[in-house]
Amino acid sequence: MDKYNPKSIEQKWQSYWEENKTFSTPTDATSENKYYILPQLPYPSGSGLHVGHAEVYTACDIYARYQRMKGKKVLQVFGLDSFGLPAENYAIKTNVHPKETIDQTGANFVEQVKKLGASVDWDRFVRSSDPEYYKFTQWFFLLMYERGLAYRKTQAVNWCDSCKTVLANAQVVDGHCERCDTVVVQKDMEQWYLKITDYAEKLLEGLDRIDWPEETKKRQKDWIGKSMGASIAFDVLDVRNTKSTKIRNSEIEVFTTRPDTLFGATYMVLAPEGQYVQELKENIENWEDVESYIVATSKKTELERQTEKEKTGVEVKGVKAVNPANGEEIPIWVADYVIATYGTGAIMAVPAHDERDFEFAKKYKLPIKQVVESIKYYVSINKEEIDLNGLFTEFSSDDIQEFTYNGKYTLEAYDKNLFIKALKKYSRLSSISILSGVTENIENWYKKEEEKEIFCYPNFGISINSEFLNRLTTQEAKEKMIDWLEEHNVGKRKIQYKLRDWSVSRQRFWGAPLPMVVNEQLSISKKQYVFIHGYGGDAQSNFFPWMKQELEAKGHTVVLLDLPNTDKPNVKEQADFLKEKISFNENTVIVAHSLGGPVAFRILENLGAPIAKLILADPVFRPEFNDGERSDVTASDSFVFDFEKIKANADAISIISDAKHVTIKKEHIDELSSIFNARHIEVDLSERHLMVAEIPALLEEALMTGVKPVPFSDLPVLLPEDVDFKPTGQSPLTYSKTFQEGVEEKYGNGPSSASTSAKASADEKATAGTWKREVNTLDTFMCSSWYFFRYLDPHNEKEFASPEALKTWMPVDFYLGGPEHVNGHLLYSRFFTKVLFDAGYIDFDEPFTVHRHQGLILGPDGRKMSKRWGNVINPSDVVDVYGADTMRMYEMFMGPLEDDKPWDDAGVRGVRRFLDRVWNLQDVLVKDEEIGNLKLEIGDLDKETHKVLKKVGDDLATLNFNTAIAKLMELTNAFYKVEKVPITNYILLITMLAPFAPHMAEELWQLLGHDTQLAFAEWPQYDESKLVSDTMTIAVQVNGKVRATIDIASDASEDDVKATAMADENVKKWMGGNEPKKVIYVKGKIVNVVV
RNA sequence: GCCGCCGUGGUGGAACUGGUAGACACGCACGACUCAAAAUCGUGUGGAGAAAUCCGUGUCGGUUCGAUUCCGACCGGCGGCACCA
């Protein structure tokens, strides 16, 4: 027998696997027998694979190999997240093109993964920086855009001045850039966003249906940050003169989770950067003070605002707010403890019941009014079950009080320990549940009560000084107040989320180009908005007056006319009417509602030049239609349109179908009649979304002009080669000479320079009116949000993946990745999946059924591995010295997969020693027929083998690799205790070893004469009959302390066991001649004698 | 500050739904082999004690025949969020 030589064995099998494509994905997989194992997508860093990567690929591979042996059709693939900053930063330093860098580091990465013996289907390898891949990253962006989930907006963004790029909230760590640690500043910039906030509720709800670590789910929940409460409108008064007057159209809306405390709202605070301060500017007496405060605040970095604890603010003089509950006039302040981006950027301050408000009120001597009284502990109980004699003499009535609440006899106390003491002493009930940490769940309280337990309900409040809310619990008061607000039209129930929209544009080179063309001139120029109302409507109906006001406030012109014959509409007549009155030009945006849709189409059918945009709001496209109240109204028109002309005459066409969602379907506009079945959208007719006055999504859509998507047929928008990487804050693509070539011919000329607004600079004028490619690139998180779909069908040029592949393989059965991605990648992937689901591409809406995190592997010194500490372990070095099988097994043996654990070189040697021992057992193998008089020992070995087989199988299924390996070591040790080892047992050992140490196991398998692949051998079934033994060992306790163990027949009766136990000398001794009071027997485990 | 997780030998870690705490491995000690060392193999190894035995799962208390496991308070470590109204 040769010595165990991992190097040659591993090389041999790795080439064999590669040449024979051993692990190519089975073609006979079905949605029932498939198993999709997904290791996280790595960025191929220049320093190569680190031990953490190795942990992920090894764990996934072990699991994949195990599932294969269990008969599953396994999909295990590898790819690279190859777009991103490091390669670009390296390019800036060395002028090596990122593509070259990635080719090299990526190849190195793949090489290293192969050396670990990963059983991956390499034909499905993908890189996110390849055009074939990012074509679909761009497609996903277009999908988002089509569905009204992508928009462009100028707002303050997180800016890293070192990376010269915008960062998503998830990329900001402690106010610093995640990558380079520079302090993040806020900067106003025009950026593209994805409306992930629209999916807040769905993202929250789906968490209940997936098997993920609880804390991960919780972190996502917290990040989404759902709060339920109310929005409340406060009137604003101008009090500069002695007679206060209500400022017209000026209400301040606040969000609160505690509407029950409205009576305690004694002042109001506005965020310095919020909208309200600017709106009130005219009425503010001390504008100079206020303004200087605003300026001072804006100069602070995010970090400063976080660290400064002391609250500051300035009173806004000349205006007062009116508390709608009691009509009190309360002062208005500006303070930076209120943030502009959450809620409405304004709060009602209730200093008595909010710590921050309290602190602020104390500092500025503002009134504090208590409106909630805290009741510490309540118990509601049947009076008969408690013997009250003595209760009120032993405890003072200040400590414990009795009263009737909701018809129940109730005790109330402010001190919990005292309360429990009293309950115990005077209660006749044996069990007392004290529920803690639960607040305001009064239903629960009642429920428990019915179960006749004494139930203690801690810590809830009762409203006081609040008129109609008095004596109500907080929960009840909240409800009642919301009802009251809605009744009086001053507020309504509202759900607020912390989650913000995801900014996806980056001013960097090495990413997928954003597949849009933009016309900056058109986007900033003032527009002429033409509103077209529907059947039976007029200029005052629906959302029109509101939207007119909003648009005019922004300096646009709005044309809003009453159409002729609105009760007996003739589409052509109305279209001609409008064409005669209005000059439609490249700055026109048409917003058409209902039957206005066909009217707009008739207008567009013959125009000389295209308009900027057409927005169809819940359009109707058939002669006879039903609006829910009046039926079978006939609009006289053929409803046959020249769609080609219409499309040519509008640079963008959007359809908004309900109050929230905009669908942009210029490409598919001719499907309109079938899509909508020519009726109003099938919303619940009691809730006609588009009839409401305010539709923020519609306004947003109307304001977004000068952008249009690159059609799918033109994808991919290729990243140009001729760029300068120098970070200037401008996108590097700006400097490419080739990037904009042919764009104008393809996507058209915009408005002529005649319509150029006065604001445009000379530079802008020079390029005014042209459509250009968007020069920003997409956040790399967009690439990694869908890669698990691409693996299913990586060479498909038409679709991101075929429906058949999706149906067969998704969702992912097991996903392993780091906890650092919880509120980034993992959330985004779920978002993408849900959008695909809503768009009808897939029939599931959660991508990863089971998800786990690997723990961090620390350096031998217990610190995080880092060049700085010089404690970095390179997995390739370990593989070179000890072999991949040792590396794999050691990493799995270190501890639980999800725990952080330090590296230990001696531990690696221990694992190698184990493998050597397994290998060396070849010398003592004996064929079954030669066992002879070794029988007895072999019998025990056989039992041991099957016990281990069961345990290892269980552990593999539950990912407890460390204990599985421990068992394999135990079995090997057992083999060393006997003279000869039967081949059958040895084969079972190496079969169990196959997922962990595949090279060695495969080699031994072959050496033992097999001509099949162990990798595809069936996972052996343990022999149930060998698990039972004739005798069992029972521990015997006397008064809870182990005094003896007895061996007894496994089928002994309880009485036999007890008798034998008590007959034991030592047990007798400890019983001291006393009669047992009680003898407890737990079957097969323990006897406890109580004396 | 709020929320979550965790605390077991010299070390990494075992212990199923409360049932013989410390599996397995490292380290250490002793022994075998060797001229010697390494490697390998064997024995021992939670602490105290000569032993019987006692004490031991962060600390204190509780529930239980019995607690690493359940409950309460506290201490310590790690992670998340951070003026989110």
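Proteins come first, then strands; the chains are lettered A, B, ... in the order of their sequence lines, and each starts at number 1.
Contact between Lys369(A) and Ala352(A) at its shortest, heavy atoms only, is O-CB, 3.1 Å.
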What protein N or O atoms touch nucleotides 5-15 of chain B N or O atoms at under 3.5 angstrom, if any, and at what distances?
from	atom 1	to	atom 2	distance (Å)
rG12(B)	O2'	Met894(A)	O	2.8
rG13(B)	OP1	Asp900(A)	O	3.4
rA14(B)	OP1	Asn962(A)	ND2	3.1

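At whole-Å resolution of the value, CG in Asn1088(A) and P in rU64(B) are 15 Å apart. When rounded to the nearest whole Å, the span between CD1 of Ile965(A) and P of rA23(B) equals 18 Å. Computed from coordinates, the Lys967(A) NZ to rA25(B) C1' distance equals 14 Å when rounded to whole Å. Atom CD in Gln1037(A) sits about 12 Å away from atom C1' in rA21(B), given to the nearest Å. In this structure, Trp223(A) places its CH2 atom 11 Å from C1' of rA82(B), rounding to the nearest Å. Distance, His853(A) NE2 to rG79(B) C1': 11 Å, rounded to whole Å. Between Ile1086(A) atom CD1 and rG18(B) atom C1' the separation is 11 Å, expressed in whole Å. Between the NZ atom of Lys864(A) and the P atom of rG79(B) there is a distance of 9 Å, rounded to whole Å.
Checking rU20(B), rG80(B), rU53(B) against the side-chain heavy atoms of Asn1066(A) singles out rU53(B) as nearest. In the set rG27(B), rG4(B), rC65(B), rG27(B) carries the atom at the smallest distance from any side-chain atom of Arg909(A). Minimum atom distance to the side chain of Ala966(A) is reached by rA23(B), of the listed rG19(B), rA23(B), rC26(B). Closest to the side chain of Trp1070(A), from the set rU53(B), rC65(B), rA85(B), is rU53(B). Residue Met969(A) places its side chain closer to rC24(B) than to any other of rC26(B), rC83(B), rC24(B). With rC55(B), rC3(B), rA25(B) as the choices, the nucleotide that has an atom nearest any side-chain atom of Asn973(A) turns out to be rA25(B). Comparing rC55(B), rG4(B), rC65(B) by their nearest atom to the side chain of Ile1080(A) picks out rC65(B). Taking every side-chain heavy atom of Glu970(A) into account, rC24(B) is the closest of rG80(B), rC54(B), rC24(B). Between rC54(B), rC3(B), rC16(B), one nucleotide has an atom nearer to the side chain of Asp222(A) than all others, and that is rC3(B).
A salt bridge is absent between Lys3(A) and Asp916(A); no separation between the charged side-chain nitrogens and carboxylate oxygens falls under 4.0 Å. Taking a cutoff of 4.0 Å between a charged side-chain nitrogen and a carboxylate oxygen, Asp260(A) and Arg258(A) qualify as a salt bridge. Comment: Glu214(A) engages Lys217(A) in a salt bridge, judged by a side-chain N to carboxylate O separation of less than 4.0 angstrom. Ionic pairing of Asp1064(A) and Lys1068(A) is not present here: no N-O contact between side-chain nitrogen and carboxylate oxygen is shorter than 4.0 angstrom. A salt bridge is defined here as a Lys NZ or Arg NE, NH1 or NH2 lying under 4.0 Å from an Asp or Glu carboxylate O, and Glu201(A) with Lys226(A) meets this definition. We find that Lys363(A) and Glu359(A) are not joined by a salt bridge, their nearest charged nitrogen and carboxylate oxygen being 4.0 Å or further apart. Checked for salt-bridge contact, Glu944(A) and Lys947(A) miss the test: no charged N lies under 4.0 Å from a carboxylate O.
Nucleic acid contact class of Thr1045(A) (heavy atoms, under 4.0 Å, all strands): base. Contacts of Trp903(A) with the nucleic acid, taken as non-hydrogen atoms under 4.0 Å apart, are absent. As judged by a 4.0 angstrom heavy-atom cut-off over every strand, Lys1083(A) is placed among residues making no nucleic acid contact. Nucleic acid contact for Ser227(A): sugar-phosphate only, since backbone atoms but no base atoms lie under 4.0 Å from a heavy atom of the residue. Residue-level contact check: Lys218(A) touches the backbone only, with heavy atoms under 4.0 Å from sugar-phosphate atoms and none from bases. Within the 4.0 angstrom heavy-atom criterion, only backbone atoms of the sugar-phosphate kind lie near Gly910(A); the bases stay farther away.
Residues Tyr337(A) and Asp357(A) bring a donor and an acceptor atom of their side chains to less than 3.5 Å of each other. A side-chain donor-acceptor contact under 3.5 Å links Thr216(A) and His853(A).
The 5' end of RNA chain B is approached more closely, in terms of each residue's nearest nucleotide, by Ala906(A) than by the other of Ala906(A) and Asp357(A). Place Val1042(A) and Arg917(A) on RNA chain B by their nearest nucleotides, and Val1042(A) ends up nearer the 5' end.
Look at the P atom in both rA82(B) and rU17(B): the space between them is 35 Å, to the nearest Å. On the P atoms, rG10(B) is 35 Å away from rC3(B), given to the nearest whole Å. rG56(B) and rA48(B) have their P atoms separated by 15 Å, with the value rounded to a whole Å. Using P as the reference atom, rC83(B) and rU69(B) are 38 Å apart when rounded to the nearest Å. A gap of 24 Å separates the P atoms of rA39(B) and rG46(B), to the nearest Å. Look at the P atom in both rG18(B) and rG80(B): the space between them is 32 Å, to the nearest Å. The same atom, C1', is picked in rC55(B) and in rG9(B); the two are 14 Å apart, to the nearest Å. One C1' atom belongs to rC75(B), the other to rG58(B), and the distance between them is 7 Å to the nearest Å.
When ring centroids are compared, Phe961(A) and Phe893(A) stay outside the 6.0 Å threshold.
Its glycosidic angle being within 90° of 0, rG9(B) falls on the syn side.
Ring geometry for Tyr342(A) versus Phe255(A): interplanar angle over 60°, hence perpendicular rather than tilted (30 to 60°).
For the OP1/OP2 pair of rU40(B) and a distance below 4.0 Å, the side-chain nitrogens and oxygens of Arg913(A) include at least one atom meeting the criterion. Distances shown here put every side-chain N or O of Tyr337(A) at or beyond 4.0 Å from the OP1 or OP2 atom of rA85(B). The side chain of Lys1069(A) places an N or O atom within less than 4.0 Å of a non-bridging phosphate oxygen (OP1 or OP2) of rU53(B).
Partner of Lys494(A) under the side chain to side chain contact (heavy atoms under 4.5 Å, CB included) criterion, chosen from Ile232(A), Thr344(A), Ile482(A): Thr344(A).
A donor-acceptor contact under 3.5 angstrom links the side-chain atoms of Lys311(A) to the base of rC83(B).
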message: Both atom distances under 3.5 Å, Watson-Crick or G-U wobble: I'd like the secondary structure of RNA chain B as a dot-bracket string, with | for pairs made across strands.
response: (((((((..(((......[....)))((((((.......))))))(((....)))..(((((..]....))))))))))))....
